[in-house]
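Notes to accompany the following structure.
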Amino acid sequence: MYTLQGVTKQYTRGKSTVHALAGVDLTIEDGGRLVIQGPTGGGKSTLLQMLGGLDRPTAGSVELDGVDLAKLSEAKLTKVRAENIGFVFQSFNLIPTLTAQENVETALVPLGVKTSERRRRAAEALDSVGLGERLAHLPSEMSGGQQQRVAIARALVKQPKVLLADEPTGNLDESMRDEIMEVLETLWKEHGLTFIMVTHDSAIARRAPRLATIRKGKVTITENAAA
Ligand SMILES: Nc1ncnc2c1ncn2[C@@H]1O[C@H](COP(=O)(O)OP(=O)(O)OP(=O)(O)O)[C@@H](O)[C@H]1O
Ligand SMILES: [Mg+2]
């Protein structure tokens, strides 16, 4: 479970300071799903970076299961990320010279998983996103939707507690967008993940049971029991 208290993030460029997050209090239950929306520059990606331990707040605490990520040493934070948190971004961020299977395996290297088990688990993860027949393909030999599936398999192969997605369908056309959303929702249901997703897609936001809207670094939560 996430507990955020008084999270602020300021970026200082020369004499000007940007208040990307201006005092965020938020809890997210284990296995919960939170959709984040809001205008460009509102602080969505910044919040996701705090949740993922990719960056630290200027003030406040970001607790994951009672551990404040803001206070962890760099080494411990890297370990928390490698073990517990899967990331999916708008740009798929695959390594172009590696096959789908090898790209997925990279997530298991820091965990010290041995080669044969890495292969097996990567193949299994790719199978679960419907790419069991594409293990040996390079990113350049796959469609955008397929590349994003590889990125999702890479995020999930380590069986993280949390999946963070920053506009995962932002680079895809409409049909692929629906396809990827279906994959993500199925995985969320099957794996009992905590799933937090930033989106610009108002149709997705409308369907969300719990929606966080971020404007000028401030969060408003809307619960939608009917969704
Ligand atoms: N590394 C950085 N250095 C300086 N300013 C930054 C940095 N990262 C973000 N900002 C600023 O912080 C604010 C919030 O940015 P953020 O990327 O979180 O917005 P966003 O809601 O994700 O926007 P978008 O919808 O365009 O992705 C913006 O004003 C942005 O310019
Ligand atoms: Mg963003």
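The first residue in the sequence is number 1, and the count goes up from there. Indexing begins at 1, ligand by ligand and atom by atom, following the structure's order.
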When you pair each N or O of ligand 1 with protein N or O atoms, which pairs come out under 3.5 Å?
{"unit_1": "ligand 1", "atom_1": "5 (N)", "unit_2": "Arg13", "atom_2": "NH2", "d": "3.1"}
{"unit_1": "ligand 1", "atom_1": "18 (O)", "unit_2": "Ser45", "atom_2": "N", "d": "3.4"}
{"unit_1": "ligand 1", "atom_1": "18 (O)", "unit_2": "Thr46", "atom_2": "N", "d": "2.9"}
{"unit_1": "ligand 1", "atom_1": "18 (O)", "unit_2": "Thr46", "atom_2": "OG1", "d": "2.6"}
{"unit_1": "ligand 1", "atom_1": "19 (O)", "unit_2": "Gly43", "atom_2": "N", "d": "3.4"}
{"unit_1": "ligand 1", "atom_1": "21 (O)", "unit_2": "Gly42", "atom_2": "N", "d": "3.2"}
{"unit_1": "ligand 1", "atom_1": "21 (O)", "unit_2": "Gly43", "atom_2": "N", "d": "3.0"}
{"unit_1": "ligand 1", "atom_1": "21 (O)", "unit_2": "Lys44", "atom_2": "N", "d": "2.9"}
{"unit_1": "ligand 1", "atom_1": "21 (O)", "unit_2": "Lys44", "atom_2": "NZ", "d": "2.8"}
{"unit_1": "ligand 1", "atom_1": "22 (O)", "unit_2": "Ser45", "atom_2": "N", "d": "2.9"}
{"unit_1": "ligand 1", "atom_1": "22 (O)", "unit_2": "Ser45", "atom_2": "OG", "d": "2.9"}
{"unit_1": "ligand 1", "atom_1": "23 (O)", "unit_2": "Gly41", "atom_2": "N", "d": "2.8"}
{"unit_1": "ligand 1", "atom_1": "25 (O)", "unit_2": "Lys44", "atom_2": "NZ", "d": "2.7"}
{"unit_1": "ligand 1", "atom_1": "25 (O)", "unit_2": "His200", "atom_2": "NE2", "d": "3.4"}
{"unit_1": "ligand 1", "atom_1": "26 (O)", "unit_2": "Thr40", "atom_2": "OG1", "d": "2.4"}

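Within the 3.5 Å criterion, the main-chain N or O of Lys189 finds no donor-acceptor partner in the side chain of Arg33.
By the 4.5 Å heavy-atom criterion applied to side chains, Glu74 and Lys79 are not counted as neighbours. Within the 4.5 Å cutoff, the side chain of Leu163 has no heavy atoms near those of the Met197 side chain. When side chains are defined from C-beta on, Val183 counts as touching Leu187, because their heavy atoms get closer than 4.5 Å.
No hydrogens or angles considered: nothing links the side chains of Gln10 and Thr17 as a donor-acceptor pair under 3.5 Å. Counted by atom type alone, Asp68 and Ser61 present zero donor-acceptor pairs between their side chains at under 3.5 Å.
Listing protein N, O or S atoms at distances below 2.8 Å from the Mg ion (ligand 2), with waters left out, gives Ser45 OG.
Counting heavy atoms of neighbouring residues, nucleotides and ligands inside a 6.0 Å radius, atom CD of Glu182 does not exceed 12 of them.
Between Glu83 and Lys161 there is no salt bridge, since no side-chain nitrogen of the basic residue lies less than 4.0 Å from a carboxylate oxygen of the acidic one. Between Glu29 and Arg210 there is no salt bridge, since no side-chain nitrogen of the basic residue lies less than 4.0 Å from a carboxylate oxygen of the acidic one.
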